[in-house]
**Q** 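Sharing a structure here in structure tokens format.
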Amino acid sequence: QPVALIELWKTLFQQQLQGTAVQTDIQAIRSRLSSAGLYFPAEIKTATTAGESRKIAAAGFNALLSDNLTFAIELFKSALDLDPSYGRAHRGLGIAWGRQHSFKRAAGAYTLYLDLNPRAADGEKVDRALMRYWKKR
């Protein structure tokens with residue numbers, strides 16, 4: 001199921017980038033993706049906002065260091081609103097949700113992080129965390 005949700009997330013992302021209308025209840029899909037830790041913004045902006053997204057995600061990591069998890073989650077979501085393909089923001093979201101013991105959401109965010117960054121330097125560490133989660137289920 002996580003792989004199918006990731007593919008759905010990527011398909012919706014690509015469709016919105018192309019400006020193609022999705023012929024389904026997007027709110028229900030967003031809700032389903034969110035419950036699995038896959039944050040899908042309400043609107044995909046095609047303007048280049050990658051730099052701003054990275055700054056907001058950096059602030060999210062600072063919030064994690066301060067153990068302000070709710071604020072960190074909001075910052076990571078804001079970063080993803082600007083650039084949904086920014087893997088590090090998904091990683092940060094996974095860390096924050098994991099610390100809140102929302103492990104299903106954390107696993108979804110980590111899975112998307114690895115899917116977007118298959119050669120991530122910390123990929124093996126994140127993959128081990130995912131294996132521990134799936135083993136416990």
**Q** Which pairs with one or both residues in residues 91-101 pass side chain to side chain donor-acceptor pair (under 3.5 Å), sequence neighbours excluded?
**A**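 Of all non-adjacent pairs touching residues 91-101, those that pass side chain to side chain donor-acceptor pair (under 3.5 Å) are Arg91-Asp122.
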**Q** Going hydrophobic residue to hydrophobic residue with side-chain gaps under 4.5 angstrom, can you get from Ile95 over to Leu114?
**A**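 Yes; tracing contacts between hydrophobic side chains, which count when under 4.5 Å, links both residues.
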**Q** Does the Ser66 side chain pair with the main chain of Asn62, one donor and one acceptor, at a distance under 3.5 Å?
**A**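 Yes: the side chain of Ser66 pairs with the backbone of Asn62.
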**Q** Holding to side-chain hydrogen bond (donor to acceptor under 3.5 Å, both in side chains), I want the full list of residues that pass it with Arg128, two or more places apart in sequence or in another chain.
**A**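 Arg128: side-chain hydrogen bond (donor to acceptor under 3.5 Å, both in side chains) contacts with Glu124.
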**Q** Give, for atom NZ of Lys77 and atom CG of Leu82, the distance between the pair rounded to the nearest 0.5 Å.
**A**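 Those atoms lie 14.5 Å apart.
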**Q** Just checking Phe61: does its CZ atom have more than 12 heavy atoms from other residues, nucleotides or ligands closer to it than 6.0 angstrom?
**A**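 Atom CZ in Phe61 is crowded, with more than 12 foreign heavy atoms closer than 6.0 Å.
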**Q** Can you list everything that forms a side-chain contact (heavy atoms from CB on, under 4.5 Å) with Tyr133? Sequence neighbours excluded, please.
**A**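 Listed in chain order: Phe103, Lys104, Ala107, Arg137.
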**Q** Kindly compute the distance separating CG (Leu69) from CG (Leu64), expressed to the nearest 0.5 Å.
**A**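 So the CG of Leu69 and the CG of Leu64 are separated by 6.5 Å.
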**Q** Applying side chain to side chain contact (heavy atoms under 4.5 Å, CB included) to Leu112 and Leu93, what does each step give before you reach the verdict?
**A** CA-CA 11 Å; Leu112 190 51; Leu93 204 49; over 6 Å; no
**Q** To the closest 0.5 Å, what do you measure between CG (Leu75) and NZ (Lys55)?
**A**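 Rounded to the nearest 0.5 Å, the CG-NZ separation comes out at 14.5 Å.
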**Q** Would you compute the distance between atom CG of Asp127 and atom CZ of Arg132 and round it to the nearest 0.5 angstrom?
**A**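 Answer for the CG-CZ pair, Asp127 versus Arg132, is 10.5 Å.
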**Q** Got a donor-acceptor contact below 3.5 angstrom from the His90 side chain to the Pro84 backbone?
**A**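 Yes; at least one donor-acceptor contact below 3.5 Å.
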**Q** Whether the side chain of Asn117 engages the backbone of Tyr113 through a donor-acceptor N/O pair (distance < 3.5 Å, no angle test) should be reported.
**A**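 Flag set: sc Asn117 to bb Tyr113 pair under 3.5 Å.
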**Q** Can Arg88 be said to sit on top of Phe76's aromatic six-ring, NZ or CZ under 6.0 Å from centre and within 45° of the ring axis?
**A**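 Ring-cation test returns no.
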**Q** Please report the shortest heavy-atom distance between Ala106 and Gly94, naming the atom on each side.
**A**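 Shortest heavy-atom separation between Ala106 and Gly94 comes out as CB-O, 3.3 Å.
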**Q** On a heavy-atom basis, which atom in Ala72 and which in Gly60 lie closest, and how many Å separate them?
**A**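 In terms of heavy atoms, the two residues are closest at CB-O, 3.6 Å.
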**Q** Can you name the closest pair of heavy atoms from Ser53 and Ala79 and give their distance?
**A**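 Scanning both residues, the minimum pair turns out to be OG-O, 2.8 Å.
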**Q** Quick check for you: to the nearest 0.5 Å, what is the distance between Ile73 atom CD1 and Arg105 atom CZ?
**A**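 Spacing of CD1 (Ile73) from CZ (Arg105) equals 8.0 Å.
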